[in-house]
2 protein chains.
Amino acid sequence: MGGEEKTSQVMPVPWQQVTPDAARRLVIAAVEEFAERGYHATTTRDLAGRAGMSPAALYIHYKTKEELLYQISSAGHRLVLRLLEDAASGEGTPVDRLAAAVRAFTRWHAEHHTMARVVQYELGALAKEHHAEIVDLRCRTDRVVRGIIQEGVDTGDFVVPDLAGATVAVMSLCIDVARWFGAERRRSPEEVGELYADLVLRMLRHAGPAHQ
Amino acid sequence: MGGEEKTSQVMPVPWQQVTPDAARRLVIAAVEEFAERGYHATTTRDLAGRAGMSPAALYIHYKTKEELLYQISSAGHRLVLRLLEDAASGEGTPVDRLAAAVRAFTRWHAEHHTMARVVQYELGALAKEHHAEIVDLRCRTDRVVRGIIQEGVDTGDFVVPDLAGATVAVMSLCIDVARWFGAERRRSPEEVGELYADLVLRMLRHAGPAHQ
DNA sequence: GCCCCACCTGAGCAAGCGCTTAGGGCGCAG
DNA sequence: CTGCGCCCTAAGCGCTTGCTCAGGTGGGGC
């Protein structure tokens, strides 16, 4: 029972390289279940059931339930970091690159909002050393975005009274997409990405007459 | 064990009217525990222990653990709704009133970030009829903010390509404060409120030379 | 035929869960 | 004093939890 879940594949999800097949089915089941009910409300029996196997089979592929969460969290954070680094090291002005970063970051949170929910809201359930590793990744993503904004300030394209505050606000705006996206069916991930890129530029650009 | 928690009281928290004292201690303990570990990871023994009583005493004051969550969620949502309605029905231009709304909404999420976390991130753990009631409250808060933005668009102060999208973005930005605030000690709730009011106005105002 | 190995299952263990029950102490009206 | 009601606790019930383990199945090399 439990038909195959169809997830949109516009951006790559790294589960293709997870083997054997049962392990992949488990990790996909875990993303859906953790996103829907939360890590602590999900039982190993739920996961095994959704992946089409007995509860005991889970422990052939993963040592603990927490390791499954860690795999998801780690893969998600690394993927997001790469996304932002690509945007940051791309061509164009800081304005262009911040827009690209926000577009990609937002779009990922919308398109993969189930995985994004696990990545962003289930950190607290990680074991201590796993948690520390993830926090380090998050600091790095923060630094990437702050770097682009700083460059924009240097060129005079951005005017921000508080660099750290603006960085937090920009990332916060994008991250929270994972929370509300899905309840509303009207907008596509691409549209939200465009809208947010525009809003963020409006937020940070100096409010002079030389608009676009 | 477990000293008295000191919560800043700049904005009123309605627990003063919760009686008897043990019931109030329980609800305060529940806010802290639910915010820190999440509803499902918190046990009734944790709550009773933090409130300084035996596990069984909880059930004298609340029928279930879920009812405790519901009391917190309901009180929080009603408080936030009133906060926004006050700002919306205040004096001044739509620009002034949106700034006031964002300032108050943001500040509440920062100042009471433990309660806000429960209010914003533990909805899914509510029983079905409680959940429906809370969702209704959330729709009303949404409508209040959308109303202010719409007025600003009518007066020509705001230029937004997508009213619903802009509303979601504005509220999203404020709500997410509950997630990250507390890790960073550098900013006060008032400062974040000011920063966010400024950023939101920049996001929505038409980008002409008639600035400020 | 044979064994090996990767993968899986049924049954179940110890611990912890939400919640209940029987009863105890204490303040107060009589 | 007695009697009553409120607030509380110790003990524990029935169930679910994360996880284990002995054993089974099926395909490939010999």
Side-chain angles (χ1 to χ4, degrees), chain A residues 1-2 4 15 17-73 118 122 124-131, chain B residues 1-2 15 17-34 36-73 118 122 124-131:
Chain A
M1 49 190 83
E4 299 127 334
W15 307 145
Q17 67 194 28
V18 174
T19 54
D21 186 67
R24 182 169 45 249
R25 267 157 35 221
L26 273 169
V27 86
I28 291 170
V31 168
E32 299 301 315
E33 292 281 320
F34 291 166
E36 198 174 314
R37 322 187 210 222
Y39 174 80
H40 289 293
T42 303
T43 71
T44 55
R45 285 161 180 84
D46 290 335
L47 297 175
R50 201 193 251 252
M53 64 189 74
S54 77
L58 190 150
Y59 293 91
I60 296 161
H61 305 287
Y62 299 95
K63 269 188 304 201
T64 62
K65 187 174 92 161
E66 190 270 345
E67 200 205 321
L68 210 31
L69 174 65
Y70 169 66
Q71 295 296 342
I72 296 165
S73 198
V118 180
E122 304 291 335
L126 288 166
K128 207 160 63 180
E129 61 274 22
H130 288 162
H131 182 80
Chain B
M1 56 193 84
W15 308 145
Q17 67 195 24
V18 175
T19 53
D21 184 69
R24 179 169 48 250
R25 264 157 35 220
L26 274 170
V27 83
I28 291 171
V31 168
E32 298 301 315
E33 292 281 320
F34 291 167
E36 197 174 313
R37 318 187 214 229
Y39 174 81
H40 289 292
T42 303
T43 72
T44 54
R45 286 162 180 83
D46 290 335
L47 297 174
R50 201 195 252 252
M53 66 189 73
S54 77
L58 190 152
Y59 293 91
I60 296 160
H61 305 286
Y62 299 95
K63 270 190 303 206
T64 62
K65 188 176 93 163
E66 190 270 346
E67 200 205 320
L68 210 31
L69 174 65
Y70 169 65
Q71 295 296 342
I72 296 166
S73 198
V118 180
E122 303 293 335
L126 288 165
K128 209 160 63 181
E129 60 273 20
H130 289 162
H131 183 80

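Residue numbers start from 1 in every chain, and the chains themselves are labelled A, B, ... in the order their sequence lines are given, proteins ahead of strands.
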Start with the C-alpha distance between Asp21(B) and Arg24(B), add both sets of side-chain angles, then the distance that settles side chain to side chain contact (heavy atoms under 4.5 Å, CB included), and finish with yes or no.
CA-CA 5 Å; Asp21(B) 184 69; Arg24(B) 179 169 48 250; 3.1 Å; yes
Among dC19(D), dC17(C), dC7(D), which nucleotide sits nearest the side chain of Pro55(A)?
dC19(D)
Looking at Thr44(B), does any N or O in its side chain come under 4.0 Å of the phosphate oxygens OP1/OP2 on dG18(C)?
yes
Base, sugar-phosphate or nothing for Ser54(B)? Non-hydrogen atoms, less than 4.0 Å.
base
Whole-Å distance, Tyr62(A) OH to dC7(C) P, equals 13 Å
Side chain to side chain contact (heavy atoms under 4.5 Å, CB included) evaluation trace for Glu129(B) with Tyr70(B)
CA-CA 10 Å; Glu129(B) 60 273 20; Tyr70(B) 169 65; over 6 Å; no
Check: dG16(C) base within 3.5 Å donor-acceptor of Arg45(B) side chain
no
Met53(A) has an atom CE; how far is it from atom P of dC8(C), in whole Å?
6 Å
Contact check, side chains of Glu66(B) and Tyr39(B), non-hydrogen atoms, under 4.5 Å
yes
Are the side chain of Arg25(B) and the backbone of Ala51(B) linked by a donor-acceptor contact shorter than 3.5 Å?
yes
Could you please name the option among dT17(D), dC7(C), dT9(D) that lies closest to any side-chain atom of Ala57(B)?
dT9(D)
Rounded (10°) bend between the five-pair end axes of the helix from dC3(C)-dG28(D) to dG30(C)-dC1(D)
20°
When rounded to the nearest 0.5 Å, the distance separating CG of Leu26(A) from CG of Leu68(A) is 6.5 Å
Could you give me the CA-CA distance, side-chain angles and deciding distance for Asp46(A) and Arg37(A), then say whether side chain to side chain contact (heavy atoms under 4.5 Å, CB included) is met?
CA-CA 11 Å; Asp46(A) 290 335; Arg37(A) 322 187 210 222; 4.2 Å; yes
Between dT17(D) atom C1' and His40(B) atom NE2, what is the distance in whole Å?
14 Å
When rounded to whole Å, the CG to P distance for the pair Leu47(B) and dC8(D) reads 15 Å
Does some side-chain heavy atom of Tyr62(A) sit less than 4.5 Å from a side-chain heavy atom of Leu69(A)?
no
Atom-pair distance (CD1 on Ile60(A); P on dT20(D)), nearest Å:
12 Å
It should be established whether Tyr59(B) places a side-chain nitrogen or oxygen under 4.0 Å from OP1 or OP2 of nucleotide dC19(C).
yes
What integer distance in Å separates Asp46(A):CG from dG18(D):C1'?
12 Å
Given DNA chain C, 5'-ward residue of the pair His61(A) and Ala56(B), judged by closest heavy atom:
His61(A)
How many whole angstroms separate atom NZ of Lys65(B) from atom C1' of dG16(C)?
12 Å
